[in-house]
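Beneath this line is the structure, given in structure tokens, with notes to follow.
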Amino acid sequence: MRRPNTVAYRHLATDPVLGGLIETVGRPDPFDWAERDFPSSTNFEAMALHIVGQQISVAAALTIFARVTAAAGGAVTPSGLLALTEEDLRTCGLSRAKAAYLHDLARRQDDGTIDLENMDDVDDTTALTDLTAVHGVGLWSAQMFLIHQLKRPDILPAGDIGIRRAVQKAWQLGADPGIEETRRRALAWAPYRTYAAALLWASLRIDAPASEA
């Protein structure tokens, strides 16, 4: 049986520009860094960490999350977070808004409004809708969760500035494309748009020669 990476990149290589990027940067595994940079034992912990990490560095996020984990009794669970007051969470280094977001996530998981631990059979659209209903969870955070935790193969974060900048560079566009333009361009990459995203992100880390459409 062929590995998913092989099948995905064979499909993406039918696009001449992506094919050129594959020759230059290889075939990055879009799921490789999840365990390395954001260790977590449950999907709930991972989503909580995504919230904590919004707009701050990875190092700062992990430091604050370690404090939250200790305050919650050694593991970040819905009941553990709900037992903490907003002030308890702020003492850990969280803003008032992020403390509220964590409490909303915990309440939804606790009462069954969302079930982060059993989303394998939930389609991408429904999962994104459920996640973005949580206060403080935007589309980008939800998409990152689907990629890094659920390992979904067909997610393209078109709003990500890195993705759009990589598209501009690879296709030699006059300016970064808009979100809708990026989405339209990516339609042909389905059902492996997560792999395309990994390829585009990787292309920003090297001095890849520009390709022509």
Side-chain angles (χ1 to χ4, degrees), residues 28-153 155-163 194 197-198 201 205:
D29 184 343
F31 312 119
D32 178 57
W33 70 271
E35 293 79 13
R36 184 172 67 249
D37 288 346
F38 283 90
S40 59
S41 60
T42 67
N43 287 343
F44 179 82
E45 276 192 320
M47 191 69 252
L49 181 52
H50 275 292
I51 290 174
V52 170
Q54 289 173 358
Q55 300 181 325
I56 61 175
S57 69
V58 171
L62 293 176
T63 296
I64 294 171
F65 196 73
R67 294 174 189 155
V68 173
T69 300
V76 175
T77 63
S79 59
L81 285 181
L82 292 174
L84 299 174
T85 66
E86 180 182 287
E87 289 307 314
D88 291 333
L89 291 173
R90 293 194 70 195
T91 299
C92 294
L94 291 171
S95 66
R96 190 178 301 277
K98 286 185 180 180
Y101 299 160
L102 286 181
H103 277 155
D104 186 57
L105 176 69
R107 279 191 292 270
R108 289 171 185 268
Q109 180 72 20
D110 189 59
D111 67 18
T113 302
I114 192 170
D115 186 357
L116 296 174
E117 307 309 327
N118 295 286
M119 298 192 83
D120 287 348
D121 296 326
V122 179
D123 65 84
D124 292 345
T125 300
T126 301
L128 290 172
T129 299
D130 289 347
L131 288 168
T132 54
V134 178
H135 295 164
V137 177
L139 180 58
W140 185 87
S141 293
Q143 289 171 325
M144 293 301 102
F145 180 84
L146 262 64
I147 292 173
H148 297 139
Q149 291 304 124
L150 302 185
K151 303 188 188 310
R152 298 294 174 90
I155 302 296
L156 194 286
D160 183 273
I161 188 61
I163 293 290
T194 298
W201 278 318
R205 296 194 291 269

Candidate list Asp130, Val134, Leu131, test side chain to side chain contact (heavy atoms under 4.5 Å, CB included), partner Leu116, passing option
Leu131
Test side-chain contact (heavy atoms from CB on, under 4.5 Å) applied to Leu150 and Asp124, step by step
CA-CA 10 Å; Leu150 302 185; Asp124 292 345; over 6 Å; no
Nearest-0.5 Å distance, CG of residue Leu128 to CD1 of residue Ile155
5.5 Å
Looking only at heavy atoms, what is the nearest atom pair of Gln109 and Pro78, with distance?
CG-CG, 3.5 Å
Step by step, work out the side-chain contact (heavy atoms from CB on, under 4.5 Å) result for Val76 and Thr42.
CA-CA 9 Å; Val76 175; Thr42 67; over 6 Å; no
Hey, are the side chains of Lys98 and Ile56 touching, using non-hydrogen atoms and a 4.5 Å cut-off?
yes
With heavy-atom distances below 4.5 Å as the criterion, would you say the side chains of His103 and Leu89 are in contact?
yes
Does the plane of the ring in His148 sit parallel, tilted or perpendicular to the ring in His50? Use 30° and 60° as the thresholds.
parallel
State, to 0.1 Å, how close Cys92 and Ala71 come at their nearest heavy-atom pair, and which atoms those are.
SG-CB, 4.0 Å
Begin with the C-alpha distance, continue with both residues' side-chain angles, and end with the deciding distance and a verdict on side-chain contact (heavy atoms from CB on, under 4.5 Å) for Asn43 and Met119.
CA-CA 9 Å; Asn43 287 343; Met119 298 192 83; 5.6 Å; no
Any Leu81 side-chain heavy atom under 4.5 Å of Leu105 side chain:
no
Once rounded to the nearest 0.5 Å, what's the spacing between atom CD1 of Ile163 and atom CH2 of Trp140?
10.5 Å
Distance in Å, Leu146 CG paired with Leu139 CG, rounded so as to fall on 0.5 Å steps
10.0 Å
So, using salt bridge (charged side-chain N to carboxylate O under 4.0 Å, His left out) as the criterion, who are the partners of Asp88 when residues are at least two apart?
none
Would the number of heavy atoms belonging to other residues, nucleotides or ligands and lying under 6.0 Å from CD of Glu117 be above 12?
yes
Can you name the nearest heavy-atom pair linking Ile51 to Tyr101, along with the distance?
CG2-CB, 3.8 Å
Once rounded to the nearest 0.5 Å, what's the spacing between atom CG of Asp123 and atom OG1 of Thr129?
8.0 Å
Within-4.5 Å side-chain heavy-atom neighbours: Phe145 and Val137:
no
How close do Ile147 and Pro157 get, heavy atom to heavy atom, and via which atoms?
CD1-CG, 4.1 Å
Where Thr132 and Ala142 come nearest, the two heavy atoms and their spacing:
CG2-CB, 3.9 Å
What distance do Thr69 atom OG1 and Arg67 atom CZ have between them, rounded to the nearest 0.5 Å?
11.5 Å
Apply side-chain contact (heavy atoms from CB on, under 4.5 Å) to Val52 and Leu102, showing your working.
CA-CA 8 Å; Val52 170; Leu102 286 181; 4.1 Å; yes
What pair of heavy atoms forms the shortest contact from Gln149 to Ala46, and how long is it?
CD-CB, 3.2 Å
Are His135 and Arg108 close enough that some pair of their side-chain heavy atoms sits under 4.5 Å apart?
yes
When rounded to the nearest 0.5 angstrom, what distance separates CD in Gln54 from CG in Leu49?
10.5 Å
